[in-house]
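In what follows, a structure is listed as structure tokens, so that the remarks can point back to it.
Scope of the values below: all heavy atoms of this structure, side chains included, with no hydrogens, waters or symmetry mates. Along the sequence shown, residues are numbered consecutively beginning with 1.
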Amino acid sequence: MASETAESLKAEGLRLFQEGLYEEALRRFGQAQERFAAEGNDAEAAEMLNNQGVVYRVLHRWEEARAALEEARAVFARIGDRHREAQALGNLGGLLASRGDSLRAQEYLRQAADLFAELGDNQRRAETLLALGAQMWKAGDRWGGLATYQAGLEMMEHPTPQQKTLRGLLQLVGRLFRLRLPAV
């Protein structure tokens with residue numbers, strides 16, 4: 001194991017995560033984080049924290065997930081990696097949503113969507129708007145949630161067949177009832 005590089009540990013962690021071997025993936029991401037930090041690669045070390053946060057979330061280890069994701073977001077903000085900062089914000093929003101904290105989830109998701117918009121990453125912005133719209137709906141803001149969700153669907157560069165169908169249905173309903181949903 002001493003000869004393993006940070007990159008190989010990262011790749012192994014991703015493979016293990018995809019196979020559902022979460023505890024093992026967590027260990028590899030932790031080892032990769034230590035190696036990246038020792039190399040002075042703050043961006044990749046923080047990426048490993050972000051990955052650990054996602055694994056902790058899957059394992060329902062909520063506080064550890066929150067701590068890892070917040071630390072990763074702070075590092076990304078400090079080093080000016082706005083794209084990864086947006087991803088960490090989105091992950092924090094997803095974590096809070098899974099814990100039933102819809103209002104705080106919305107705050108993080110809005111920040112992430114705004115950053116993705118600034119960066120011109122329309123696909124990730126669209127994905128984030130879908131999550132935000134769902135949270136708004138759950139919090140009781142039906143029209144705002146629907147408008148945000150529809151904006152996300154319209155923006156999707158690579159929609160799934162289900163998303164294409166839903167996008168078409170929403171457009172049809174809008175035309176039939178001349179609905180004007182609030183702009184996002």
Side-chain angles (χ1 to χ4, degrees), residues 1-102 104-132 134-135 152 155-160:
M1 175 116 74
S3 65
E4 288 183 307
T5 66
E7 283 294 335
S8 68
L9 288 165
K10 173 184 173 180
E12 179 71 2
L14 291 170
R15 184 189 66 75
L16 290 165
F17 179 80
Q18 291 168 347
E19 291 178 8
L21 301 170
Y22 302 122
E23 292 290 344
E24 293 86 350
L26 196 55
R27 279 192 286 283
R28 290 299 185 275
F29 289 141
Q31 292 167 338
Q33 178 197 357
E34 290 172 6
R35 297 263 171 93
F36 282 126
E39 296 169 3
N41 189 339
D42 291 345
E44 285 299 318
E47 181 69 24
M48 295 306 97
L49 275 171
N50 190 64
N51 290 352
Q52 289 172 67
V54 171
V55 176
Y56 283 132
R57 177 182 170 194
V58 169
L59 294 172
H60 302 279
R61 291 165 58 179
W62 311 116
E63 284 308 309
E64 291 164 295
R66 183 196 51 75
L69 293 170
E70 285 181 354
E71 186 178 346
R73 189 216 52 81
V75 172
F76 294 140
R78 179 177 51 79
I79 66 175
D81 190 333
R82 295 176 55 79
H83 199 266
R84 287 180 176 172
E85 180 184 1
Q87 290 175 340
L89 285 165
N91 286 336
L92 279 162
L95 171 66
L96 290 166
S98 67
R99 299 292 297 145
D101 191 346
S102 184
R104 282 188 43 219
Q106 288 178 52
E107 293 173 26
Y108 283 110
L109 292 168
R110 274 193 188 93
Q111 291 176 42
D114 290 346
L115 272 176
F116 285 133
E118 288 175 24
L119 297 168
D121 188 338
N122 289 330
Q123 181 66 24
R124 286 217 168 96
R125 180 178 183 219
E127 292 165 359
T128 304
L129 287 174
L130 294 177
L132 176 58
Q135 290 309 306
M155 213 175 284
M156 292 292 286
E157 295 172 357
H158 309 290
T160 65

For A72 and A46, the nearest pair of non-hydrogen atoms, with its separation, is CB-O, 3.4 Å

Residues forming a side-chain contact (heavy atoms from CB on, under 4.5 Å) with R84, sequence neighbours excluded = A43, E44, E47, F76, D81, Q87

Closest approach of G13 and A25, non-hydrogen atoms and distance?
-> O-CB, 3.4 Å

What are the two closest heavy atoms between A45 and A37, and how far apart are they?
-> CB-N, 3.9 Å

What distance do N91 atom CG and N50 atom CG have between them, rounded to the nearest 0.5 Å?
-> 4.5 Å

Between the CG atom in L92 and the CD atom in E107, the distance rounded to the nearest 0.5 Å is 11.5 Å

Kindly determine whether L89 and T128 satisfy side chain to side chain contact (heavy atoms under 4.5 Å, CB included), including the steps that lead there.
-> CA-CA 10 Å; L89 285 165; T128 304; over 6 Å; no

For R61, what residues pass the side-chain hydrogen bond (donor to acceptor under 3.5 Å, both in side chains) criterion, not counting sequence neighbours?
-> E23, E64

Could you grab the distance from atom CG of L132 to atom CZ of R125, nearest 0.5 Å is fine?
-> 10.5 Å

Apply side-chain contact (heavy atoms from CB on, under 4.5 Å) to A77 and list each qualifying residue two or more places apart in sequence or on a separate chain.
-> R73, E85

Over all heavy atoms of both residues, which pair between A112 and G90 is shortest? Give the atoms and the distance, please.
-> CB-N, 3.7 Å

Listed by chain and number, what are the side-chain hydrogen bond (donor to acceptor under 3.5 Å, both in side chains) partners of E70, not counting sequence neighbours?
-> R66

Partner set under side-chain hydrogen bond (donor to acceptor under 3.5 Å, both in side chains) for R104, not counting sequence neighbours = D101

With R15 via salt bridge (charged side-chain N to carboxylate O under 4.0 Å, His left out) - residues at least two apart | E12, E19

Tightest non-hydrogen contact, residues A113 and L129, listed as CB-CD2, 4.1 Å

Distance from Q31 atom CD to L26 atom CG, nearest 0.5 Å?
-> 10.0 Å

Would K10 and R35 count as a side chain to side chain contact (heavy atoms under 4.5 Å, CB included) if you check the C-alpha gap in whole Å, the side-chain angles of each, and the deciding distance to 0.1 Å?
-> CA-CA 10 Å; K10 173 184 173 180; R35 297 263 171 93; over 6 Å; no

Non-hydrogen atoms of A105 and A97 that approach each other most closely = CB-N, 3.6 Å

Kindly compute the distance separating CD (E71) from CG (L49), expressed to the nearest 0.5 Å.
-> 4.5 Å

List the atom pairs, donor and acceptor, that lie under 3.5 Å between side-chain atoms in residues 52-60 and the rest of the protein, sequence neighbours left out.
from, atom 1, to, atom 2, distance (Å)
Q52, NE2, Q33, OE1, 2.8
Q52, NE2, M48, O, 3.2
R57, NH2, G94, O, 3.2

Under 3.5 Å, which donor-acceptor pairs link side chains of residues 114-122 to any protein atom two or more places apart or in another chain?
from, atom 1, to, atom 2, distance (Å)
E118, OE1, R82, NH2, 2.2
D121, OD1, R124, N, 3.1
D121, OD2, H83, NE2, 2.7

Using a 4.5 Å cut-off on heavy atoms from C-beta on, say whether the side chain of L96 contacts that of Q135.
-> no

Which residues share a side-chain contact (heavy atoms from CB on, under 4.5 Å) with A131, sequence neighbours left out | L109

Residue pairs involving residues 4-48 (criterion ring-ring contact (aromatic ring centres under 6.0 Å, His included); sequence neighbours excluded) = F17-Y22

Residues at least two apart in sequence or cross-chain that pass side-chain hydrogen bond (donor to acceptor under 3.5 Å, both in side chains) with E127, listed by chain then number, are Q123

